[in-house]
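For ligands, and for the atoms within them, numbers begin at 1 and follow the listed sequence.
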Amino acid sequence: MTTLIVATHNQHKTEEIAAMLGEHFAPITDLTQQPNRDDHPAPEETGKTFEANALIKALDASARFPDATILADDSGLEVDALAGAPGVYSARYAGENASDADNRKKLLTVLDGNTQRSARFRCVLILVKNGKVLTTCDGTCEGRIATAESGDGGFGYDPLFIPEGYDESFGILPAETKNQLSHRGRALAKLKTALSIDN
Ligand code: IMP
């Protein structure tokens with residue numbers, strides 16, 4: 001079986017990816033699990049699109065681990081009332097070193113009193129080996145921003161995001177449900193098709 005390194009320091013992303021791809025790659029690790037992990041800081045995300053930033057992460061990790069298959073994920077939240085913000089700036093919406101809780105607090109404050117709550121998560125995945133892009137896939141999950149946080153499942157904006165067709169946030173819905181519906185889950189389903197993986 002092929003080993004896979006996810007080009008991220010976000011262990012939540014790695015867990016979600018492993019839950020969907022774990023039968024087909026072993027082991028699945030990320031940059032936090034490599035020897036000398038402090039030598040592998042995240043590259044600066046200077047791109048203006050999710051795809052550009054996914055490519056930056058994929059190629060940076062591939063240069064560090066040329067023998068490994070690398071999967072990079074760049075993702076974020078687009079809020080219609082904010083003209084698509086925070087978008088590629090989702091991780092640093094409340095500032096360069098903002099925590100997930102800081103970002104959620106800022107989003108709630110900015111949307112306070114606004115009844116237009118429609119939003120979507122987007123994810124771009126890029127699979128790379130030895131500096132060569134093998135495939136690029138994307139996924140979107142439509143939904144709305146709640147007026148208060150609920151639940152402590154998932155990460156990032158999950159306690160604020162209610163996917164279309166549901167009444168509860170990704171913070172409350174079980175991880176399996178999130179993985180079926182989410183932007184990352186949908187991008188991973190396309191990746192499996194591209195790699196001729198059946199389930
Ligand atoms: P990235 O690591 O640069 O791709 O930043 C992604 C950011 O988008 C995260 O820090 C979260 O704030 C947000 N995000 C991406 N995917 C999710 C998700 O599945 N749930 C909640 N927030 C997410």
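Annotation: atom 4 (O) of ligand 1 to nearest protein heavy atom, Lys13 NZ, 2.8 Å. Ranking the protein heavy atoms by distance from atom 20 (N) of ligand 1 puts Asp158 OD1, 2.7 Å first. Protein heavy atom nearest atom 21 (C) of ligand 1, with residue, atom name and distance: Phe155 O, 3.0 Å. Atom 12 (O) of ligand 1 has its closest protein heavy atom at Tyr157 CE1, 3.1 Å. Looking only at heavy atoms of the protein, atom 16 (N) of ligand 1 is closest to Arg184 NH2, 2.9 Å.
Atom CD of Gln34 has more than 12 neighbouring heavy atoms from other residues, nucleotides or ligands inside a 6.0 Å radius. The environment of NZ in Lys106 is crowded: more than 12 heavy-atom neighbours from other residues, nucleotides or ligands sit within 6.0 Å. No more than 12 heavy atoms of other residues, nucleotides or ligands lie within 6.0 Å of CG in Asp167, so this atom counts as exposed by the packing criterion.
Contact check on Arg120 versus Asp80 returns a salt bridge, with a Lys/Arg side-chain nitrogen under 4.0 Å from an Asp/Glu carboxylate oxygen. Between Asp138 and Lys190, at least one side-chain N (NZ, or NE/NH1/NH2) sits under 4.0 Å from a carboxylate O, which counts as a salt bridge.
Every atom of ligand 1 with a heavy atom of Lys57 under 4.0 Å away is listed here by number and element: 1 (P), 2 (O), 3 (O), 4 (O). The Ser90 neighbourhood of ligand 1 comprises atoms 7 (C), 8 (O), 12 (O), with distances under 4.0 Å to a heavy atom of that residue.
In this structure, Gly154 has no heavy atom closer than 4.0 Å to ligand 1.
What you find for Leu82 and Leu107 is that their closest heavy atoms are CD1-CD1, 3.8 Å.
Among the atoms of Glu45, some N or O lies under 3.5 angstrom from an N or O of ligand 1. Residue-to-ligand polar distances place Asp74 within reach of ligand 1: an N/O pair is separated by less than 3.5 Å.
Checking Asp112 against Thr109 by side-chain atom types alone, no donor-acceptor pair falls below 3.5 Å.
Which of Lys178, His12, Glu16 comes nearest to atom 18 (C) of ligand 1 through a heavy atom is settled by distance: it is Lys178. Proximity annotation for atom 10 (O) of ligand 1: of Gly171, Ala91, Ala42, Ala91 comes nearest, heavy atoms only. Of the listed residues (Ala72, Ala7, Ser75), the one carrying the non-hydrogen atom nearest atom 15 (C) of ligand 1 is Ser75.
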Take Tyr166 and Leu181, measure what side chain to side chain contact (heavy atoms under 4.5 Å, CB included) needs, and give me the verdict at the end. CA-CA 11 Å; Tyr166 288 77; Leu181 301 173; 3.5 Å; yes
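Ring planes of Phe170 and Phe121: parallel class, angle under 30° (limits at 30 and 60°).
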